[in-house]
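Beneath this line is the structure, given in structure tokens, with notes to follow.
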Amino acid sequence: MAAVAVGWVADAGASEADSGMVTVQRPDFVPDPCLDREAMESLQREIAAEAIFADEFDFDPAAVASSARSDAEQTELGDPATADDPATGASELPIVAGIDQAFQSSDGEPAGPGEFDEAVSAVVAMRGGEVIERVHAGSDLQIPYIPGLLSFREGESILAALAELSVEPDVLLLDGSGRIHFREAGIATHVGVTVDLPAIGVAKSLLCGTPRPDLAGFDSLDDLPAGTIVQIEADDAMETDRGTVVGAAVQTRQFDSPNRSINPLYVSPGHRVGWETAAAIALATAEEYKLPEPIRLADRWVGELTAAE
DNA sequence: GCGACAG
DNA sequence: ATCTTGTCGC
């Protein structure tokens, strides 16, 4: 049997009464896996036209943390910004939500690659470096993985999980691309625009686009020291004007010795963030490990949820 | 026809 | 994404 019941699942933190802080703002953009390829692609162009690839939010991006802040650090940020509000009980530190998927077969058998029929999405919401809520939900997979159409495969599951949140994240971190996409409408853009929340795409490999040639005399992106950010610009594979900065390669970690090296993350704006802020937030939330902590925890948890018993 | 492709 | 042990190097 499947490790997780799919269709309606939630966990921890929330009672049903106060859920529903993340809602679909654009029902016409909800990913429909039954559309044909042409319809999917034209919907993506509509979504990209509505996406905002510049900072448009009210939280302080510098207040995003990967680990719990010390009192000293909190003081540096200014007390009013970090003190809990006695009336609402809410802190003003931004809430960052990481989202990741895992797959399973409903018959519970150890299916081979590409033979899964259910997706499970996990959302881990963090504030000030601490987990404040986590939820998950699943959906049946309708279509296979097709490069460029990922959101139509995994979007339903993601939106179902987000609907279970009892808090409203200030920004979403998704596994995959945002603006680094043939039509500037990767999964982070699709989800972000649909729920109208700031969203950032964090991919482990590059879908399209090309790193800006010009940097610091390193042989490869894989050799960049931790903290390095290299712009990614649109190439001929994209409908975007060639040379447009659509994201960044971000080295969050690097080995001490030059023997081995780590490949960077490819970070891109999904919605309501510019590439600079997207890169800064990815970097700020990935102090301990390569992946931003909210995504890493979502990845780990969803793996546990879908693990065979 | 060739190349190229998140999860 | 997923199936999987050991193995190389700090």
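Just the heavy atoms: all of them, side chains too, but no hydrogens, waters or symmetry mates, feed the values below. Letters go in sequence order (proteins before strands), and every chain restarts at 1.
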Could you state the atom-to-atom distance from [atom1] of [X] to [atom2] of [N] in whole Å?
| X | N | atom1 | atom2 | answer |
| --- | --- | --- | --- | --- |
| Phe103(A) | dG7(B) | CZ | C1' | 6 Å |
| Phe182(A) | dA6(B) | CZ | C1' | 9 Å |
| Leu207(A) | dA1(C) | CG | P | 15 Å |
| Arg179(A) | dA6(B) | CZ | C1' | 17 Å |
| Leu206(A) | dA6(B) | CG | C1' | 9 Å |
| Glu118(A) | dT2(C) | CD | C1' | 15 Å |
| Arg183(A) | dA4(B) | CZ | C1' | 14 Å |
| Ile187(A) | dC5(B) | CD1 | C1' | 15 Å |

Under-4.0 Å salt bridge between Asp175(A) and Lys204(A):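 Looking at Lys204(A) together with Asp175(A), the answer is yes, because their closest N to O distance falls below 4.0 Å.
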Are the charged groups of Asp196(A) and Arg26(A) less than 4.0 angstrom apart, N to O?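 Salt bridge absent between Asp196(A) and Arg26(A).
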Among dC5(B), dT2(C), dA6(B), the one nearest Ala102(A) by side-chain distance: dT2(C)
Closest of dT2(C), dC5(B), dA6(B) to the Ser177(A) side chain is dA6(B)
Stepwise side-chain contact (heavy atoms from CB on, under 4.5 Å) test for Lys290(A) and Ile262(A): CA-CA 9 Å; Lys290(A) 172 175 171 174; Ile262(A) 297 178; 3.9 Å; yes
So, does [X] use its side chain to make a donor-acceptor pair with the main chain of [Y] at under 3.5 Å?
| X | Y | value |
| --- | --- | --- |
| His271(A) | Thr189(A) | no |
| Glu133(A) | Ser166(A) | yes |
| His190(A) | Phe29(A) | yes |
| Arg272(A) | Glu56(A) | yes |

As a check on the pairing definition, encode DNA chain C in dot-bracket form, counting Watson-Crick and G-U wobble pairs whose two distances are under 3.5 Å, and using | for partners outside this strand. ..........
Name the nucleic acid region contacted by Gly148(A), choosing base, sugar-phosphate or nothing; use a 4.0 angstrom heavy-atom cut-off, strictly under. base
Which part of the nucleic acid does Leu149(A) contact within heavy-atom distance under 4.0 Å: base, sugar-phosphate only, or nothing?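 Touches a base.
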Would you compute the distance between atom CD of Glu46(A) and atom CZ of Arg183(A) and round it to the nearest 0.5 angstrom? 13.0 Å
Output for pair (Arg300(A) CZ, Leu291(A) CG), nearest 0.5 Å, gives 12.5 Å
Between Lys204(A) and dG7(B), is there a side-chain N or O to OP1/OP2 distance below 4.0 Å?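 Lys204(A) to dG7(B) OP1/OP2: side-chain N or O found under 4.0 Å.
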Would you indicate, yes or no, if dC5(B) has its OP1 or OP2 atom less than 4.0 angstrom from a side-chain nitrogen or oxygen of Ser205(A)?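 Checking dC5(B) against Ser205(A), no side-chain N or O comes under 4.0 Å of OP1 or OP2.
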Enclosure of Phe255(A) CZ (heavy-atom neighbours >12, cutoff 6.0 Å):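 Counting neighbours around CZ of Phe255(A), more than 12 heavy atoms of other residues, nucleotides or ligands fall under 6.0 Å, so yes.
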Surrounding CG of Asp256(A) (heavy atoms of other residues, nucleotides or ligands, distance under 6.0 Å), is the total greater than 12? no
Annotated protein contacts, base or backbone, on nucleotides 3-10 of chain C with a non-hydrogen cut-off under 4.0 Å, one of B, S, - each: -----BSS
Could you say whether the aromatic ring of Tyr145(A) and the base of dG7(B) stack, counting only centre distances under 5.5 Å and plane angles under 30°? yes
Applying the Watson-Crick and G-U criteria (both distances under 3.5 angstrom) with [ ] for crossing and | for other-strand pairs, one obtains for DNA chain B .......
Phe116(A) and Phe103(A) aromatic ring geometry - parallel, tilted or perpendicular at 30°/60° bounds: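 The rings of Phe103(A) and Phe116(A) sit tilted, inter-plane angle from 30° to 60°.
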